[in-house]
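All figures in this text were calculated on a predicted structure; none of them were measured in a lab. Start at 1 with the first residue, then count along the sequence.
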Amino acid sequence: MRKLTSFCTLEQLDSMKQLWLPPQALGEFLMPAQSAFKSDTARDRVLDDYHLLLARWPVSYESRFIDTDFGKAHLIASGNPTASPLVLLHGGGGNATMWIHNIAILAAKFRVYAPDVIGDVGRSTGVRPSYASGGYVRWLAQVLDGLGLEQTALAGTSFGSWLAADFALKHPERVRGLALLAPPHIEPLRLSFMLRAVLATIAPTDSRVRSFYRLVSSLHAPQPTELVMQDFVTRWRSQRQSPPPPPRISADDLRRLPARTLFLLGQDDALYDVNKAAARIRANAPACEVALLAQAGHTLTVDRPREVSEALMEFLAEVPAPAAL
């Protein structure tokens, strides 16, 4: 068992208030490392589940690699190649297969690109960049360049929503619509949530990881399939690190977000008080749309996949299509 000395100071505990979805972020404090996987065997276990989920992908897809300065970026592409583009960014500790519940509805309207974010437990190569370096945004920009996308709609969940927002702040001309699902960086996290996350991190038994999933989900949501749950357990127990906690978004950055931005929060999100989060967004970004989804937790794309997909479709339908080249 790892020692908890890294969590002893008040300064470190205060920084943990901005964690998104452990154990990935907690791993940054417990055991800093470059690889997202604990071992090659752990990587093989995760990618075995990846292939099993792709075998159940409800629509046809292409598996593509794009060269970047950080390594090869892998993504899953679905939908009509001539349709308006939509890029989906998954949550921390995950990969592109996390969109399996939403892809059928979204791909009926859009050309959907779901990359495996660099430094996480997917098929993209390259070590995770630091926040100070701006590497995440540069990586995403190079992925879009490789796809030939000068402009796209962009949606992210959990950590992916932080990356989507940061990209939109730095490259507003490239984002024609922004959807932020369960953003982890609006309010400080609850201490009770952090303590449960620490316990599941230092002793990640099957039962404890499943119990933690129930915490971040909603008591009112249907249970995921066993394959999806086992994939969550496998990823949790196989990863060594993922991006550290993203910085809390400032009031000024909230004000600078594109007017065409949707915040979708799960009413039962265990990470923080969603009503306070919604109030903070409305106070600082009144042009943005804020919606609370009932009977959904932090894992709202799994808890209420149809409602989330339809909300995205409705919101993005009002966004003008990119101009023809």
- Item | Which atom of Glu187 lies closest to which atom of Arg248, heavy atoms considered | OE2-NH2, 3.2 Å

- Contacts satisfying salt bridge (Lys or Arg N to Asp or Glu O under 4.0 Å) that involve residues 264-276 (not counting sequence neighbours) are none

- Look up atom CG in Leu163 and atom OG in Ser158, then write down how far apart they are to the nearest 0.5 Å. 11.5 Å

- Message: For a quick test of reading the model, state the closest non-hydrogen atom pair linking Gly92 to Phe159 and the distance between them.
- Response: N-CB, 3.5 Å

- Task: Could you go through the ring-ring contact (aromatic ring centres under 6.0 Å, His included) check for Tyr213 and Trp236 one step at a time?
- Result: CA-CA 10 Å; Tyr213 180 89; Trp236 186 289; 9.6 Å; no

- Message: Would you say that Val87 contacts Leu89 through its side chain, given a criterion of any heavy-atom pair below 4.5 Å between the two side chains?
- Response: yes

- Task: May I have the step-by-step check of side chain to side chain donor-acceptor pair (under 3.5 Å) for Ser63 and His74, ending in yes or no?
- Result: CA-CA 7 Å; Ser63 180; His74 175 261; 2.4 Å; yes

- Query: Are Glu310 and Lys109 close enough, and set up right, to give a salt bridge (Lys or Arg N to Asp or Glu O under 4.0 Å), and what steps lead you there?
  - Reply: CA-CA 11 Å; Glu310 290 177 349; Lys109 173 69 175 179; over 6 Å; no

- Run the side chain to side chain donor-acceptor pair (under 3.5 Å) check on Trp57 and Ser78 step by step: do they pass? CA-CA 10 Å; Trp57 205 247; Ser78 299; 3.1 Å; yes

- Item | Polar side-chain atom of Arg255 near backbone of Asn284 as donor-acceptor pair, under 3.5 Å | no

- Relative to each other, are the rings of Tyr131 and Tyr136 parallel, tilted or perpendicular (30° and 60° limits)? tilted

- Note on the structure: Smallest heavy-atom separation, Leu265 atom then Val274 atom, equals CD1-O, 3.9 Å

- Task: State whether the side chain of Gln142 and the backbone N or O of Asp69 hold a donor-acceptor pair below 3.5 Å, judged by distance alone.
- Result: yes

- Does one hydrophobic cluster hold both Phe65 and Leu144, with members joined at side-chain heavy-atom distances below 4.5 Å? no

- Verify, without hydrogens or angle tests, whether Thr68 (side chain) and Gly71 (backbone) share a donor-acceptor contact under 3.5 angstrom. yes

- Item | Test side chain to side chain contact (heavy atoms under 4.5 Å, CB included) applied to Thr125 - qualifying residues, sequence neighbours left out | Lys72

- Message: Nearest 0.5 Å, please: how far is OG1 in Thr157 from CG in Leu180?
- Response: 10.0 Å

- Query: Does Asp303 reach the main-chain N or O of Gly297 with its side chain, forming a donor-acceptor pair under 3.5 Å?
  - Reply: yes

- Message: Checking the side chain of Arg56 only, and the main-chain atoms of Leu52 only, is there a donor and an acceptor separated by less than 3.5 Å?
- Response: yes

- Roughly how far apart are His171 NE2 and Thr152 OG1, rounded to 0.5 Å? 14.0 Å

- Item | Criterion side chain to side chain contact (heavy atoms under 4.5 Å, CB included) on Arg237 and Val209, from CA distance to verdict | CA-CA 8 Å; Arg237 300 178 70 180; Val209 174; 4.3 Å; yes

- Report the residues that fulfil salt bridge (charged side-chain N to carboxylate O under 4.0 Å, His left out) with Arg138, sequence neighbours left out, ordered by chain and then residue number. none

- Show your working on ring-ring contact (aromatic ring centres under 6.0 Å, His included) between Phe212 and Phe232 and close with a plain yes or no. CA-CA 11 Å; Phe212 188 77; Phe232 179 84; 7.5 Å; no

- Task: Find the distance between CZ (Arg123) and OG1 (Thr97) and round it off to the nearest 0.5 Å.
- Result: 11.0 Å

- Task: Applying side chain to side chain donor-acceptor pair (under 3.5 Å), run through Ser217 and His298 and close with a yes or a no.
- Result: CA-CA 6 Å; Ser217 179; His298 192 67; over 6 Å; no

- Check the pair Arg210 / Val233 against side chain to side chain contact (heavy atoms under 4.5 Å, CB included), numbers first and verdict last. CA-CA 7 Å; Arg210 289 171 182 264; Val233 174; 3.9 Å; yes

- Backbone of Gly122 reached by a side-chain donor or acceptor of Asp120 within 3.5 Å: no

- Message: Test of understanding: with salt bridge (charged side-chain N to carboxylate O under 4.0 Å, His left out), list the residues that count as partners of Glu62, not counting sequence neighbours.
- Response: Arg111

- Heavy-atom pair of closest approach, residues Phe263 and Pro183: CD2-CG, 4.0 Å

- Message: Given 3.5 Å as the limit, does a donor-acceptor pair link the side chain of Asp116 with the main chain of Ala96, or not?
- Response: yes

- Query: Under 6.0 Å from the CG atom of Leu219, do we count more than 12 heavy atoms belonging to anything else shown?
  - Reply: no

- May I have the step-by-step check of side chain to side chain contact (heavy atoms under 4.5 Å, CB included) for Val46 and Ser238, ending in yes or no? CA-CA 7 Å; Val46 170; Ser238 298; 3.6 Å; yes

- Note on the structure: Taken to the nearest 0.5 Å, the spacing of Arg128 CZ from Ile118 CD1 works out to 10.5 Å

- Any donor and acceptor pair, going by atom type alone, linking the side chain of His90 with main-chain N or O of Val117 inside 3.5 Å? yes

- Query: Can Met98 and Thr301 be said to form a side chain to side chain contact (heavy atoms under 4.5 Å, CB included), step by step?
  - Reply: CA-CA 8 Å; Met98 291 177 67; Thr301 58; 5.8 Å; no

- Task: Please list, chain by chain and in numerical order, all residues satisfying salt bridge (charged side-chain N to carboxylate O under 4.0 Å, His left out) with Asp252, sequence neighbours excluded.
- Result: Arg256

- Any Lys/Arg nitrogen of Asp49 or Arg45 sitting under 4.0 Å from an Asp/Glu carboxylate oxygen of the other? no

- Query: When you look at CD of Glu173, are more than 12 heavy atoms from neighbouring residues, nucleotides or ligands closer to it than 6.0 Å?
  - Reply: yes

- Query: Is it true that a side-chain atom of Ser130 and a backbone atom of Ser133 form a donor plus acceptor pair closer than 3.5 Å?
  - Reply: yes

- Report yes or no: does Asn95 contribute a side-chain atom to a donor-acceptor pair with the main-chain N or O of Val121 at less than 3.5 Å? yes

- What is the distance from atom CG of Asn102 to atom CG of Leu88, rounded to the nearest 0.5 Å? 7.5 Å

- Query: Would you say Arg306 has more than 12 foreign heavy atoms packed within less than 6.0 Å of its CZ?
  - Reply: no

- Which atoms form the tightest heavy-atom contact between Leu262 and Phe315, and what is the distance? N-CZ, 3.5 Å

- When you look at Ser84 and Arg176, which way does the side chain to side chain donor-acceptor pair (under 3.5 Å) test go after all the steps? CA-CA 11 Å; Ser84 184; Arg176 65 179 189 83; 2.4 Å; yes

- Message: Suppose we screen for side chain to side chain donor-acceptor pair (under 3.5 Å). Which residues come up paired with Asp231, at least two apart in sequence or across chains?
- Response: Arg235

- Query: Where do Pro85 and Tyr113 come nearest, in terms of heavy atoms and distance?
  - Reply: CB-CE1, 4.2 Å

